[in-house]
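Report on the structure given below.
Scope of the values below: all heavy atoms of this structure, side chains included, with no hydrogens, waters or symmetry mates.
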Amino acid sequence: MTEPETSTVAALWYRAGKAAYPYLPGWRAMTPALADQVFRQHIAANDALFVIEHAGSIVGYLALQHSYIDRLYVDPHHQGRGYGSALLAHARRLSPQGLELHTHQQNAAARAFYERRGFVAVRLGISPAPESAPDVEYHWRP
């Protein structure tokens, strides 16, 4: 991801998060402006970011911290077309020894996505504040 793409990717994160997390109060209260601010201060500032494009538009992104997938989002209008799988394949190339991630226990779509691609649930827990929601830790090992 390049710096000029930051607002586009933050807007994608906002759309995808609103669609995926209706059960999280923080996402119900999220605004596009707040999403842009949070994305810049907490995600873009701390993660290696990679985007995937289709027809000149960004349709998904991967936020990686070494072998930890901090975020993997595909725009809701482009899901189910292989973009998430392509981002995941990129993460595997960058971290061939294995990958880790967390997702919410209620996020059935994400859980099914990762499980179909060889990730194994290793621990149930609670996500950090402000969400403090039940989560699940996944690992993939070659």
Is a donor from one side chain sitting under 3.5 angstrom from an acceptor on the other, for R111 and Y138?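 Indeed, the side chains of R111 and Y138 share at least one donor-acceptor pair under 3.5 Å.
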
Have E5 and T8 got a donor and an acceptor in their side chains that come within less than 3.5 Å?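 Side-chain D/A pair, E5 to T8: absent.
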
Can you check whether [X] reaches [Y] side chain to side chain, under 4.5 Å on heavy atoms?
X	Y	result
L49	L62	no
Y14	L34	no
T103	V136	yes
L88	L72	yes
D135	L124	no
W13	R71	yes

Mind running side-chain hydrogen bond (donor to acceptor under 3.5 Å, both in side chains) on Y73 and R15 for me, showing each step along the way? CA-CA 10 Å; Y73 286 88; R15 288 189 305 277; over 6 Å; no

Find the distance between [atom1] ([X]) and [atom2] ([Y]) and round it off to the nearest 0.5 Å.
X	Y	atom1	atom2	answer
H78	L12	NE2	CG	8.5 Å
I52	D75	CD1	CG	12.5 Å
S95	Q65	OG	CD	12.5 Å

Which pair of heavy atoms, one from [X] and one from [Y], lies closest together, and at what distance?
X	Y	answer
G84	V74	N-CG2, 3.6 Å
A133	L24	CB-CD2, 3.7 Å
R28	P22	NH1-O, 3.0 Å
P142	P96	CG-O, 3.0 Å

Co-membership, hydrophobic cluster, residues I126 and W27, 4.5 Å side-chain: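 Shared cluster, no.
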
Side chain to side chain contact (heavy atoms under 4.5 Å, CB included) partner of S67, chosen from E100, H139, R92: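 It is E100; the other options fail the test.
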
Is there a donor-acceptor pair under 3.5 Å between the side chain of R141 and the backbone N or O of L99?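 The answer is yes, because a donor-acceptor pair under 3.5 Å joins these two groups.
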
Any donor and acceptor pair, going by atom type alone, linking the side chain of E115 with main-chain N or O of A112 inside 3.5 Å?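 Side chain of E115 to backbone of A112, a donor-acceptor pair under 3.5 Å: no, none is there.
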
side-chain contact (heavy atoms from CB on, under 4.5 Å) between E137 and L101, worked out: CA-CA 6 Å; E137 180 178 344; L101 63 92; over 6 Å; no

So, H104 versus Y21, ring centres under 6.0 angstrom or not?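 Between H104 and Y21, the centre distance is under 6.0 Å.
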
Would you say the rings of F39 and Y61 are close, in the sense that their centroids are separated by under 6.0 Å?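 Yes, the ring centres sit under 6.0 Å apart.
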
Working for side-chain contact (heavy atoms from CB on, under 4.5 Å), residues V9 and I58: CA-CA 7 Å; V9 178; I58 295 171; 4.0 Å; yes

Would you please classify the geometry between the F119 ring and the W140 ring as parallel, tilted or perpendicular, with 30° and 60° separating the classes?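 The rings of W140 and F119 sit tilted, inter-plane angle from 30° to 60°.
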
